[in-house]
Amino acid sequence: EVQLQASGGGLVQAGGSLRLSCEVSGFTTDEYVVAWFRQAPGKKREGVSVISHSVGSPVYADSVKGRFTISSDNAKNTVYLQMDRLKPEDTAVYYCAAEELSGRPTIATIQFELDYYGKGTQVTVSS
């Protein structure tokens, strides 16, 4: 059973930083991707970033490019999302998600829902 455990949300002032963590377990293959999605109040859930467990190759939504960095520590089965220069519009519940995928992810990978989701973690950016 695939399980995803996200942590690291909180309250931060605009311009500040937070790091989210997602511990992944249960995959029986190395060919999978882990992504971060977010959902602000009254809005549709959107993909933020994605990385492949086997080949890396991070991808970012335009709204966070240059400010967020996704990385993985395969020894710890953990994916991180470093969020810098945060803006009030980054306020949302952040979810880590995953699914089996061979090869490099693309922006299309996070334009649709993935197979597995963890519980969300709240990120609030005050102005």
Side-chain angles (χ1 to χ4, degrees):
E1 179 188 3
V2 173
Q3 293 187 331
L4 305 165
Q5 182 67 48
S7 61
L11 172 64
V12 65
Q13 287 189 330
S17 298
L18 280 175
R19 189 177 80 158
L20 305 182
S21 300
C22 177
E23 188 171 346
V24 182
S25 63
F27 277 103
T28 58
T29 174
D30 285 337
E31 299 298 322
Y32 64 89
V33 295
V34 179
W36 289 96
F37 284 71
R38 67 185 181 186
Q39 187 167 23
K43 293 191 175 181
K44 186 179 176 183
R45 187 156 60 185
E46 64 170 350
V48 172
S49 185
V50 60
I51 191 168
S52 165
H53 175 77
S54 60
V55 298
S57 193
V59 175
Y60 301 94
D62 286 344
S63 58
V64 305
K65 203 172 291 183
R67 300 187 299 120
F68 290 12
T69 304
I70 192 170
S71 62
S72 62
D73 184 337
N74 288 352
K76 295 182 179 179
N77 289 322
T78 301
V79 172
Y80 303 98
L81 185 68
Q82 177 67 39
M83 305 185 294
D84 298 318
R85 291 185 283 144
L86 282 160
K87 305 175 181 179
E89 50 263 44
D90 294 317
T91 294
V93 177
Y94 283 71
Y95 300 87
C96 62
E99 71 176 24
E100 291 188 16
L101 183 73
S102 297
R104 300 174 185 273
T106 68
I107 193 64
T109 305
I110 52 174
Q111 290 178 334
F112 302 96
E113 297 289 301
L114 301 189
D115 290 338
Y116 305 102
Y117 284 83
K119 292 183 180 179
T121 184
Q122 177 71 46
V123 171
T124 303
V125 185
S126 63
S127 56

Polar side-chain atom of Thr78 near backbone of Lys76 as donor-acceptor pair, under 3.5 Å: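 Yes, because the side chain of Thr78 sits within donor-acceptor range (under 3.5 Å) of the backbone of Lys76.
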Report yes or no: does Ser72 contribute a side-chain atom to a donor-acceptor pair with the main-chain N or O of Asn74 at less than 3.5 Å?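 Absent.
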Determine the minimum heavy-atom distance between Gly47 and Ala61, stating which atoms define it.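 Nearest pair, atom of Gly47 first, then Ala61: O-CB, 3.5 Å.
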Return the minimal non-hydrogen interatomic distance between Ser52 and Pro105, and the atom names on each side.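 Distance-wise, the nearest heavy atoms are CB-CD, 3.8 Å.
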Tell me which pairs pass ring pair (Phe, Tyr, Trp, His ring centres under 6.0 Å) where either residue lies in residues 49-73, with sequence neighbours left out.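 Checked against ring pair (Phe, Tyr, Trp, His ring centres under 6.0 Å) - neighbours excluded - the pairs reaching residues 49-73 are Tyr32-His53.
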Which hydrophobic side chains are connected to Leu114, either touching it within the sub-4.5 Å cutoff or through other members that do?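 For the cluster that includes Leu114, the remaining residues are Val33, Phe37, Val50, Val59, Val93, Tyr95, Leu101, Ile107, Ile110, Tyr117.
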Thinking salt bridges, do Lys65 and Asp62 make one under a 4.0 Å N-O criterion?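 Result for this pair is yes, salt bridge flagged.
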Out of curiosity, [X] [atom1] to [Y] [atom2], how far, rounded to the nearest 0.5 Å?
X      : Y      : atom1 : atom2 : value
Glu100 : Tyr116 : CD    : OH    : 6.5 Å
Arg104 : Thr109 : CZ    : OG1   : 12.5 Å
Ser63  : Asp90  : OG    : CG    : 7.5 Å

Shared ILVMFWY cluster between [X] and [Y], side chains joined below 4.5 angstrom?
X     : Y      : answer
Trp36 : Val123 : yes
Leu4  : Val48  : yes
Val34 : Tyr80  : no

Derivation and outcome, side chain to side chain contact (heavy atoms under 4.5 Å, CB included), residues Arg67 and Met83: CA-CA 6 Å; Arg67 300 187 299 120; Met83 305 185 294; over 6 Å; no
Can you give the donor-acceptor pairs under 3.5 Å from side chains of residues 5-30 to other protein atoms, not counting sequence neighbours?
unit_1 : atom_1 : unit_2 : atom_2 : d
Ser17  : OG     : Asp84  : OD1    : 2.7
Thr29  : OG1    : Glu31  : N      : 3.0

Would you say that Thr91 contacts Arg38 through its side chain, given a criterion of any heavy-atom pair below 4.5 Å between the two side chains?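 They are not in side-chain contact.
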As a quick check of understanding, evaluate side chain to side chain contact (heavy atoms under 4.5 Å, CB included) for Leu81 and Ser49, giving each step before the final call. CA-CA 8 Å; Leu81 185 68; Ser49 185; 4.2 Å; yes
Around atom CZ of Arg45, are there more than 12 heavy atoms of other residues, nucleotides or ligands at under 6.0 Å?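 More than 12 heavy atoms, drawn from other residues, nucleotides or ligands, come within 6.0 Å of this atom.
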